Amino acid sequence: MLKSHSCGELNKNHIGAKVTLAGWVDRRRDHGGLIFIDLRDREGIVQVVFNPETSKQSHKIASEMRSEYVVRVSGEVAPRPPGTENPKLVTGEIEVIVQDTEILNPSKTPPFYISEDTEVEESLRLRYRYLDLRRARMRKNLLLRHQVVRFIRHFLDAKGFIEIETPILIKSTPEGARDYLVPSRLYPGKFYALPQSPQQLKQLLMVAGVEKYYQIARCFRDEDTRADRQPEFTQLDLEMSFIEEEDVLNLLEELFTSMVETIKPDCGLIKPFPWLTYAEAMERYGTDKPDLRFGLEVKDLTDIVAQSDFSVFRSALAGGGKVKGICAPGCAGYSRSQLNELNKLVQDLGAEGLVTMPLAASAGSLDDLTLEMVRSVAAKFLTLDQVREIAKRLGADTGDLLLIIAGKSELVDMALDELRREMGHRLKLDDPHLFAFAFIVDFPLLKRSEEGLWEPMHHPFTAPRDEDVPLLDTTPEKVQAKHYDIICNGCEIGGGSLRIYTAELQRKIFKLLGYSDGEIKERFGHLLKAFDYGAPPHGGVALGIDRIVMLLAGEETIREVIAFPKTQEAADLTFNAPSPVAEEQLAELHLYLREER
RNA sequence: GGCCCCGUGGUGUAGCGGAUAAACAUGCCACCCUGUCACGGUGGAGAUCGGGGGUUCGAAUCCCCCCGGGGUCGCCA
């Protein structure tokens, strides 16, 4: 080793020790006579002192050192002179008096600050990701991710799970997301696909008798990115045999509870995890992944305003839409521009607009409220009783601001979900030290596609509730699934289900989804065949590792917890991928490039 | 594919139709400095304002197109 200790590990217990350190120059303070250098390695920072009276030679070399030079120093750990300790540094009680040093490798001036946590344009960070990752924030995130994955492995090992790798080159299943395809050299015109998730593979492992499987699995989906979506991402994939829904959910609750308590002991969480049905979540929050750190629940006002003459409400209802709202407590004093911001927020999502209704604090109480005190475009079309009824339903009092949206049901839900998050944030109700996990259960099994065909709400292997199976023949929309999602702070961090494990029921579902016998055989023959050989009842879950780490790290995007993420346009700026390939490579793969119009 | 935001010395920002074609902080370079830790002091270099086109007597500033980055709708079984 080129070093005897890590920079960050030194403390007063090392006083008197001869140490050799190696790392990067974080900062240099050259006093002419004395030179101080903050030497950084993975474990932290320690001050090293170059004194010409100790070593003239070392002092001379140190005067050449600049930011991010890779250097090695040997010397003695010494207590800092009284009054010069630095409480901001973990190692601030000591310093290393350098007797010998060498520059292992100089560095150009880096394109952005390594030693400061300032905002830098993300594309620049990604181009120089290896420098970006040197920064404290990124080092912390990488470490946290490691801790999370390590925790998961230990936890599941103790529960009797075994980790099994599954192929990355597998078969295309076009009914899901868009596949990443890999051409085959040995089979002209044929392709592998990268797994969107190891779903079918883990089910086959259950048929294989593994009983408890997990994998930290890379998954690939060729769809547009988001703050919480990348073309490749990592799942904790997990499957168990001979279990019921509660078994999975209890396992998850224990996993996340102990994870947070171990890794983020300064953070709180809500125990036990609430269970919400899908219908209830949609009703109360307008989304199936509500942020449960705060209330601000959405209420349906359709019945109250049905008789009003307000054209905004009338036309929405005439079109089969809804009128819903939320209450922003204490926000009646919002300025015109603040209200405009909220209005713009929902309009950008496609809503017609936002009806704002501040209940003047000056009224004192709802009983003393008059219509004149409600500064809203809707006020003159509503009776005082209607306003009071709306306020009552939203749990509002004077001084509160009512936010109401009318329109197509899904649009209203989406806009109010967004508004609710925004107000939760503005009112500082989204405590970053609280993790509000919850389970969403009782999802519908199916939904209608745009073409009016049945498609799975999640995937076609999800089992319907036993009592709902007969409904598959009559009213498929009423069939509920043995599916569950786990959410945290408004983020979907995982989903799973009990699976279909008989060929008969699986075939029935495929038929309902519109597959012909030929298609079923071609696409899912392997699975159905396996089910003929004693498939156990089984189920599991897939959790988004990137999202979990993002939440624990308090980051806004999963890119901050991925070492080498891709841009929104799915490019890797460090490697400049994707890139053209040589004609010979294409020929070997039996490919030619189509002319794009 | 749609909508929205951003792009000014290395970095982060200011400037948003005119006065010297750019200001501030930091970084960088040189010199000075033996207790600093965001060290300090003095001096210096460094941007034709993402690219192209247009409007104008005059454009970093207004308009159009393109490129890059981000947010989002669609999409994500």
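Note on naming: letters A, B, ... go to the chains in the order of the sequence lines (proteins, then strands), and numbering restarts at 1 for each one. Keep in mind that what you see is a predicted model, and the values were worked out from it rather than measured.
Along RNA chain B, the nucleotide closest to A:N51 and the one closest to A:P460 are compared, and the more 5′ of them pairs with A:N51. In terms of position on RNA chain B, the residue among A:P110 and A:G176 whose nearest nucleotide sits closer to the 5' end is A:P110.
Stacking is not found between A:F112 and the pyrimidine-like six-membered ring of the B:rU11 base under the 5.5 Å centre-distance and 30° plane-angle cut-offs. Ring stacking holds between A:H31 and B:rC39, with the centres under 5.5 Å apart and the planes within 30 degrees of each other.
With both pairing distances under 3.5 Å, B:rA23 is matched to B:rU13 as a Watson-Crick or G-U wobble pair. When both distances must be under 3.5 Å, the Watson-Crick or G-U wobble mate of B:rG18 is B:rC57. Using the Watson-Crick or G-U wobble rule with both distances under 3.5 Å, B:rC3 pairs with B:rG71.
Looking at heavy-atom distances under 4.0 Å, A:P81 makes contact with a base. At a threshold of 4.0 angstrom between heavy atoms, the contacts of A:D224 include nucleobase atoms, whether or not backbone atoms are also involved. Residue A:E455 is out of contact with every strand shown, counting any heavy-atom pair closer than 4.0 Å. Among the heavy atoms of the strands lying under 4.0 Å from A:E53 is at least one base atom, whether or not backbone atoms are also near. Nucleic acid contact class of A:E85 (heavy atoms, under 4.0 Å, all strands): base. Contact annotation for A:Q47: base contact, defined as any heavy-atom pair under 4.0 Å involving a base atom. As judged by a 4.0 angstrom heavy-atom cut-off over every strand, A:L573 is placed among residues touching the sugar-phosphate backbone only. A:R178 comes within contact range of no nucleotide atom at all, as no heavy-atom separation falls under 4.0 Å. Within 4.0 Å (heavy atoms only), A:T225 reaches no atom of the nucleic acid at all.
Between A:R29 and B:rU36, a side-chain N or O to OP1/OP2 separation shorter than 4.0 Å is absent. Side-chain N/O atoms of A:K108 include none lying less than 4.0 angstrom from OP1 or OP2 on B:rC28. When the side-chain nitrogen and oxygen atoms of A:T118 are compared with OP1 and OP2 of B:rU11, none of them lie within a distance under 4.0 Å. In terms of phosphate contacts, A:R27 brings a side-chain nitrogen or oxygen within less than 4.0 Å of OP1 or OP2 of B:rC39.
A:F36 has its CZ atom 14 Å from the P atom of B:rG40, to the nearest Å. For the pair A:D117 CG and B:rU11 P, the interatomic distance rounds to 17 Å; values are reported in whole Å. Between the C1' atom of B:rG70 and the CD atom of A:E560 lies a distance of 12 Å, rounded to the nearest Å. Between the CD atom of A:Q347 and the P atom of B:rC4 there is a distance of 12 Å, given to the nearest Å. We find that CZ of A:R127 is positioned 16 Å from P of B:rG7, with the value rounded to whole Å. For A:D222 and B:rG1, the CG to P distance is 13 Å, given to the nearest whole Å. One interatomic measurement links the two molecules: CG of A:D132 to P of B:rG69, which rounds to 16 Å at whole-angstrom precision. Rounded to whole Å, the distance from CE on A:M414 to C1' on B:rC75 is 13 Å.
If you check B:rC75, B:rC37, B:rG69 against the side chain of A:D38, the one that comes closest is B:rC37. With B:rG69, B:rC73, B:rG35 as the candidates, the nucleotide lying closest to the side chain of A:L34 is B:rG35. Listed nucleotides B:rU11, B:rC37, B:rG69 differ in distance to A:V120; the shortest reach to its side chain belongs to B:rU11. Proximity note for A:Q568 (side chain, C-beta onward) versus B:rG35, B:rG74, B:rG70: the nearest is B:rG70. The side chain of A:R229 lies closest to B:rG74 when the candidates are B:rG74, B:rU36, B:rU26. Looking at the side chain of A:L124, the nearest of the listed nucleotides B:rU26, B:rC28, B:rU11 is B:rU11. The side chain of A:R66 approaches B:rA30 more closely than any other nucleotide in the set B:rG35, B:rA30, B:rG68. Listed nucleotides B:rG27, B:rG71, B:rC75 differ in distance to A:T557; the shortest reach to its side chain belongs to B:rG71. Side-chain proximity of A:R559 to B:rC37, B:rG69, B:rG71: nearest is B:rG71. When the nucleotides B:rC75, B:rG27, B:rG69 are ranked by their closest atom to the side chain of A:Y113, B:rG27 comes out on top.
For the pair A:E560 and A:R125, the salt-bridge criterion is met [side-chain N within less than 4.0 Å of a carboxylate O]. Between A:E455 and A:R448 there is no salt bridge, since no side-chain nitrogen of the basic residue lies less than 4.0 Å from a carboxylate oxygen of the acidic one. Ion pairing of A:R421 with A:D291 is absent here, as no side-chain N (NZ or NE/NH1/NH2) approaches a carboxylate O to less than 4.0 Å. Between A:K478 and A:D468 no salt bridge is recorded (no basic side-chain N to carboxylate O distance below 4.0 Å). Look at A:R135 and A:E116 and you find no salt bridge, because none of the NZ, NE, NH1 or NH2 atoms lies under 4.0 Å from a carboxylate O. By the 4.0 Å N-to-carboxylate-O rule, A:R465 lies close enough to A:E245 to be salt-bridged with it.
A donor N or O paired with an acceptor N or O is not found under 3.5 Å between the base of B:rG71 and the side-chain atoms of A:R421. The base of B:rU36 sits with one of its N or O atoms less than 3.5 Å from a complementary donor or acceptor on the side chain of A:R80. Not a single donor-acceptor contact under 3.5 angstrom links the side-chain atoms of A:E121 to the base of B:rU11. Taking only distance into account, the side chain of A:E95 meets the base of B:rG35 through a donor-acceptor pair shorter than 3.5 Å.
A donor-acceptor contact shorter than 3.5 Å is absent between the side chain of A:S6 and the backbone of A:E9. A donor-acceptor pair under 3.5 Å is absent between the side-chain atoms of A:H31 and the main chain of A:G33, judged by distance alone.
The C1' atoms of B:rG46 and B:rG10 are separated by 9 Å, rounded to the nearest whole Å. Using C1' as the reference atom, B:rU48 and B:rC29 are 24 Å apart when rounded to the nearest Å. For the C1' atom pair drawn from B:rA25 and B:rC62, the interatomic distance equals 30 Å after rounding to whole Å. Between B:rA60 and B:rG18, the distance separating the two C1' atoms is 13 Å to the nearest Å. Of the P atoms belonging to B:rG7 and B:rC16, the separation is 14 Å, rounded to the nearest Å. Remark: the separation of the C1' atoms in B:rC32 and B:rG69 is 43 Å, to the nearest Å. Only the C1' atoms considered, B:rC75 is 36 Å distant from B:rU11, to the nearest whole Å. Here, B:rA45 and B:rC28 have their C1' atoms 9 Å apart, quoted to the whole Å.
Between A:P195 and A:I168 the shortest heavy-atom distance is CD-O, 3.0 Å.
Under 3.5 Å, the side chains of A:T91 and A:Q47 contain no donor-acceptor pair of N or O atoms.
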